Structure formats: C-alpha cells, structure tokens
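Structure, as structure tokens:
None of these values were measured; they are calculated from a predicted model. In what follows, chains are A, B, ... by sequence order, proteins preceding strands, each numbered from 1.
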Number of protein chains: 2
Amino acid sequence: MPRDPDRTRAKILAAAVTEFAANGYAGSRIDRIAARAGANKRMIYHHFGGKQDVFEAVLADRLTTESATEDLVRLWMHEALERGDGDIVGLAERRRLAVAQVESVRTAQGEGALPNDLDPSFLAMARLALDVFPLAFPQLVRVYGDNGATSNEFREAWTGFLQDWYKPRERSRAKPRLKLDRDGVARAATRPGQPRRP
Amino acid sequence: MPRDPDRTRAKILAAAVTEFAANGYAGSRIDRIAARAGANKRMIYHHFGGKQDVFEAVLADRLTTESATEDLVRLWMHEALERGDGDIVGLAERRRLAVAQVESVRTAQGEGALPNDLDPSFLAMARLALDVFPLAFPQLVRVYGDNGATSNEFREAWTGFLQDWYKPRERSRAKPRLKLDRDGVARAATRPGQPRRP
DNA sequence: CGTTGGAGTAACTAATTAGTTACTTTGTCC
DNA sequence: GGACAAAGTAACTAATTAGTTACTCCAACG
C-alpha cells in the first residue's frame, strides 16, 4: 500500500474523535487511537505533536455542526470540563454558525412559529439547551421518567412538548403527555396519532 | 489526635467529591484524594474498597440537591459521561426530589406563574435544562455572547429572559436584552434597574 | 542514479498510579 | 491486663502509558 500522509493524518483524526468523545482527555489512550487508526503510534506525534495537540485538533475539527449529535454533545461536555470557557477553539467559525441560528430564530419569530417578544439570541440558546439536555444528561431524564432519553417514546414526547411551548398561542388540545403512576413517577403516554403495535 | 473512623471516612469522601468534580473518574488520583483528606492512601481502600467504589460513594452522596451548583453539575456531567443512564445511583432518593419539583411546578401553574396547559413533568425538566445549561456549557454561552456564563450580567439577563418566557401572558415591555454588534455577535445589554458603577 | 527529507516502524524508557503487603497502634470488651 | 479486631502507616509492586530513540523505507527532484 502506497504512502499517503494526508490519509494517515485523517485516519488518526477520525480515530481520535471517537476515542476522545468516548473517554475524554484523561481517559483516552494514544495507543488506542493508533490502533484504531491502523497507524503507528509514532505517527501521531509526527503529525500532531502530542496528546494535547490531538485533542485540540479534534475539537477544532468537530466542534461545529448544525444539529447536536451524541458524539458532538459528548465532545462539548469534555471541552467544558477540561477547558471551561477560556481559550475556545474555532471561536470565529462557531460564532458564525450561532449567528445563523439566531437569524433563523428571528425568521421563525416573524412567521409566528416562535414567541416574537423574546430576545432571539437567548431563544436560540434556550433551544440549544433543550435539544442538548437529553443527550447530555440521560440519567436525569430517567429520574424524571421511565423512558430512556434515546427511546422513540421520549424523543417524540419531548419534541411535542417543546413545540407546544414554542408556539404558546396555538396550543391546541395539548393535554398532559405524561401521567404519574402510583409512586408519583412520571411515565410517557403514547402520543396521539402514534400507532401502537399489538 | 484520637482515632475517629467516621471522621476519616467523611474527610476522604469530601476530598473525593472535590477531586472527582474537578477531574472526572479517569483524571482523578487516589493519592491526591488521600493527600487532600490528610489520610493515608490505604485508608481509602480500607473504608471504600477501590477507586470505583469511592466514585460511586461520591455520586450517592452528592447527586441530589435542591439547586444546581457548579460542582453538582460537573458531577452530573461526569456521571453521564462515565455511566450513561444505566445503573443510576441513589435513584429512589433522586426521584423523590424530582417529584417534589414537579409538584412545585404544578402549584406554580395553578397560580398562573407557569403556562398551565403544559405537562408539569416536562416543564420541570425543561426548567432544569435551562438552569443547568450555562453551568454545563459555559463555552457555548461565550459563543452566543460576550458575557461569561458566571458573570452577573449574563446571569441576570438569562434569569430575566426565562421569567419572560415562563410567564407568556404577562409579557410586559420585554424588548431584546441582547443586541448584535457589527460582527453579528450578541452582546448583553445592562438590565433596566441595574445600577451601573461609574 | 543518488541523495535528501518526510513517512513509517519497532522497541525502549521513565514516570506515574491503582492496588498490596507487612507491619504498628489504639480502643474496647471480658 | 490481655486479647482481638479495627484503624492507621510506610514502603513496595506490577501494570500502564505518554513520549523517544534509532532506525528503514520510499518518492521526488536534480
């Protein structure tokens, strides 16, 4: 197989994304990244420098996406835990995306799909917070209800709830989506219109 | 100084809370916990078992509180990253607290302080999500605006925004709290009524 | 061609770290 | 008062792991 430094670098980066998303900085292993990339460990130092540099490269590569996927949210969490809000990697690019999202909120407000008397920047952040929460804190979802955060039941119920909240004027029938059982524990009701398989 | 196993155990646990909140599981060091506790490392194994057991003891001890503090949120993040939503420690106690919070949401709905046509369980979770977000993802707050998540400016603006959103009927004047500067980057305006020191 | 420098490999090192061993001290109960 | 178990200490071990050394290989360029 022919040499191809760019491909090697890319394979290492991809392996590092997986490793760091799964294990965080301290929990990640250079050897494991090398193994998964099918590359020699020495190549990581050759192409990136050191562990810290690989981590930063991962952040720079993957920290900006339209929709919040599980891997991305985990990287955000690791970023926050390791680095706080100082020295944000790829800030300019990320701001550009944020501004675009604020813009789309503004449009939605114009169309009556979102409350138009709230600040669009904060509203965009709030939407992000509510989207990210179940991915970031699945155990808290389980504390408030029985359905796992990744289950279809929960996802649909949560999306429905958010839509009702976002569009306060048009609250149609919107009756409780959860009911409490005898122990006072929340349980998702099947969504209306959702076929239940027998 | 007299022997006091309970006190030793408590000191170790307190040191472990700090260590794990700061560094997560993989990043935490048994030696550091021992040093901070002023105890011998061996005592950690004596009183708890192993590193994993100390971690679980920390989770059980600190995972339930009324208000979300920074340490608690960091522990929640580490818990989610390390353990996902399986095998939740102290589930019963945490559910009890969640139910109480849902109850207080229900009361607030009755008083008109919260929209009364939304499911109280989901509304309680949403409030938690919005409270926790700035503590969990300070870097994203910085992407959407200039004020740090811990600054008074941000905290007050965020609280104000949430109150306006929670009480949709009584939206008073509520004009944008953020304005975009020439780069399209959000900036918090000083809150009305907030004295600005010269 | 041949030489030069980046790409790649294998084996090593130095440090760190969870967990243990083998021991001493202390309080308590008879 | 002495026996016994729990509380505590210091030094050790075995494994892991980031980073290095000292090489070989290959391709392009003159």
Worksheet item: Using a cut-off of less than 4.0 Å, is there contact between a side-chain N or O of T8(B) and OP1 or OP2 of dA7(D)?
Response: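 Indeed not, no polar side-chain atom of T8(B) lies that close.
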Fill in: Joint cluster assignment, L128(A) & W165(A), ILVMFWY side-chain distance < 4.5 Å
yes
Discussion item. Any side-chain to backbone donor/acceptor pair from R106(B) onto Q101(B)? Under 3.5 Å, distance only.
Written reply: no
Expected rows: protein N/O vs nucleotides 2-4 of chain D N/O, under 3.5 Å:
none

Item to complete: Mind running a 4.0 Å heavy-atom check of residues 27-57 of chain B against DNA chain D and sending the residues that fall below it, in number order?
Response: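 Here the set is N40(B), R42(B), M43(B), H46(B), H47(B).
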Practice prompt. Using heavy atoms and a sub-4.0 Å distance, could you list which residues of residues 9-22 of chain A are near DNA chain D? By number, please.
Written response: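 Hits under 4.0 Å, by residue number: none.
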Discussion item. Using the rule given for side-chain contact (heavy atoms from CB on, under 4.5 Å), can you reason through Y25(A) versus Q52(A), listing the C-alpha separation, both sets of side-chain angles and the distance that settles it, and then say yes or no?
Written reply: CA-CA 8 Å; Y25(A) 182 79; Q52(A) 190 69 44; 3.4 Å; yes
So does [X] pair up with [Y], basic N to acidic O under 4.0 Å?
| X | Y | result |
| --- | --- | --- |
| R36(A) | E19(A) | yes |
| R142(B) | D146(B) | no |
| E79(B) | R62(B) | no |

Side-chain heavy atoms of [X] within contact of [Y], under 4.5 Å:
| X | Y | answer |
| --- | --- | --- |
| Q139(A) | L91(B) | no |
| F133(A) | F133(B) | no |
| M125(A) | V141(B) | yes |
| Y144(B) | R95(A) | no |

Fill in: Gap between atoms CG and P, on N23(A) and dT17(D) respectively (whole Å)
11 Å
Worksheet entry | Integer-rounded Å distance: dG8(C) P and D4(A) CG |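 Spelled out: CG on D4(A) to P on dG8(C) is 8 Å.
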